[in-house]
Amino acid sequence: DTEVTQTPKHLVMGMTNKKSLKCEQHMGHRAMYWYKQKAKKPPELMFVYSYEKLSINESVPSRFSPECPNSSLLNLHLHALQPEDSALYLCASSQEGAGSLQPQHFGDGTRLSIL
Amino acid sequence: GQQLNQSPQSMFIQEGEDVSMNCTSSSIFNTWLWYKQDPGEGPVLLIALYKAGELTSNGRLTAQFGITRKDSFLNISASIPSDVGIYFCAGQAPGAQKLVFGQGTRLTINP
């Protein structure tokens with residue numbers, strides 16, 4: 001069982017819908033991450049939050065909007081997505097700030113399908 | 001940007017065989033991580049390495065942080081069916097906030 005919990009596990013949405021992905025960790029980690037993973041590829045970094053502040057945006061389109069309400073929660077708000085956005089979206093967390101050497105721990109992801 | 005070359009891309013072995021895979025980089029890293037990912041799940045951390053030359057074991061898994069800080073290998077001894085999956089190496093460069101991932105090694109085991 002992973003200590004990073006992601007909901008929902010699966011999501012199917014139309015291109016005009018608005019939905020949110022949620023991630024929660026109770027390990028006291030202060031850095032949280034969003035990744036996108038396509039089949040048979042490694043995870044690609046999207047966003048990094050360090051001490052609840054956005055520290056990295058990897059030039060992600062604005063139809064993806066991250067939010068970190070507190071140190072345990074990370075959301076990814078989705079709006080007007082495209083079919084090519086269908087992928088596994090992974091959340092991860094690590095101890096201390098994002099520049100530390102502590103390893104990232106991943107959730108099981110949300111499988112997103114855009115119709 | 002930085003890239004990691006992970007090899008082999010795939011392996012087809014018999015149960016009980018030993019497995020070896022590695023990652024190399026053109027630049028140095030302060031941390032090397034090895035993850036395993038099963039279908040429908042997120043990557044699970046297997047071993048973390050923090051010092052050049054460090055050799056660390058986790059059960060049947062052994063990983064080493066290369067002396068040059070530009071490479072790492074993962075060995076699995078006496079493979080079993082549950083070892084099937086995709087193995088990713090990942091490195092973190094000095095002062096960097098993000099990981100660089102290898103392309104993965106897909107392990108298939110014939111019983």
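Each chain gets a letter, A, B and so on, in the order its sequence line appears, and its residues count up from 1.
No single ILVMFWY cluster, assembled from side-chain heavy atoms under 4.5 Å apart, contains both B/Leu55 and B/Tyr87. Linking Ile, Leu, Val, Met, Phe, Trp and Tyr residues whenever their side-chain heavy atoms come within less than 4.5 Å places A/Phe64 and A/Met13 in a single cluster. By the criterion of side-chain heavy atoms lying less than 4.5 angstrom apart, applied directly or through intervening Ile, Leu, Val, Met, Phe, Trp or Tyr residues, B/Val44 is not grouped with B/Phe88; the two fall into different hydrophobic clusters. Hydrophobic clustering of Ile, Leu, Val, Met, Phe, Trp and Tyr side chains at less than 4.5 Å, counting indirect connections, keeps A/Leu81 apart from A/Val12. Under a hydrophobic clustering in which Ile, Leu, Val, Met, Phe, Trp and Tyr are joined whenever their side-chain heavy atoms come within less than 4.5 Å, directly or via other members, A/Leu73 and A/Tyr33 fall into different clusters.
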Run the side chain to side chain contact (heavy atoms under 4.5 Å, CB included) check on B/Tyr35 and A/Gln104 step by step: do they pass? CA-CA 10 Å; B/Tyr35 290 91; A/Gln104 294 178 27; 3.7 Å; yes
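Heavy atoms from other residues, nucleotides or ligands lying under 6.0 Å from NZ of B/Lys51 number 12 at most. Within a 6.0 Å sphere centred on CD of A/Glu58, other residues, nucleotides and ligands contribute more than 12 heavy atoms. Residue A/Met15 qualifies as open at atom CE: its count of foreign heavy atoms under 6.0 Å is 12 or below. Enclosure of atom NZ in A/Lys9 by more than 12 non-hydrogen atoms of other residues, nucleotides or ligands within 6.0 angstrom is indicated.
For the options A/Gly109, A/Pro43, A/Cys91, heavy-atom pairs under 4.5 Å to chain B are most numerous at A/Pro43.
Using a 4.5 Å heavy-atom cutoff, the side chains of B/Ile86 and A/Pro42 are not in contact. Using a 4.5 Å heavy-atom threshold, the side chains of B/Phe101 and A/Glu44 count as separate.
Rounding to the nearest 0.5 Å places CD of B/Glu41 at 14.0 Å from CZ of A/Phe106. Separating the OG atom in A/Ser94 from the CG atom in B/Leu33 is a distance of 10.0 Å, to the nearest 0.5 Å. In this structure, the separation between NZ on A/Lys40 and CZ on B/Arg106 is 5.5 Å, given to the nearest 0.5 Å.
Defined by atom type and a distance below 3.5 Å, a donor-acceptor pair is present between the side-chain atoms of B/Gln97 and A/Ser55.
In this structure, the side-chain contact (heavy atoms from CB on, under 4.5 Å) partners of A/Ser86, at least two apart in sequence or on a different chain, are A/Ile114.
For a heavy-atom cut-off of 4.5 Å, chain A lies close to no residue in residues 15-23 of chain B.
Heavy atoms closer than 4.5 Å to chain A are found in the side chain of B/Gln37, but not in its backbone.
Of all heavy-atom pairs spanning B/Gly42 and A/Asp108, the tightest one is N-OD1, 3.1 Å.
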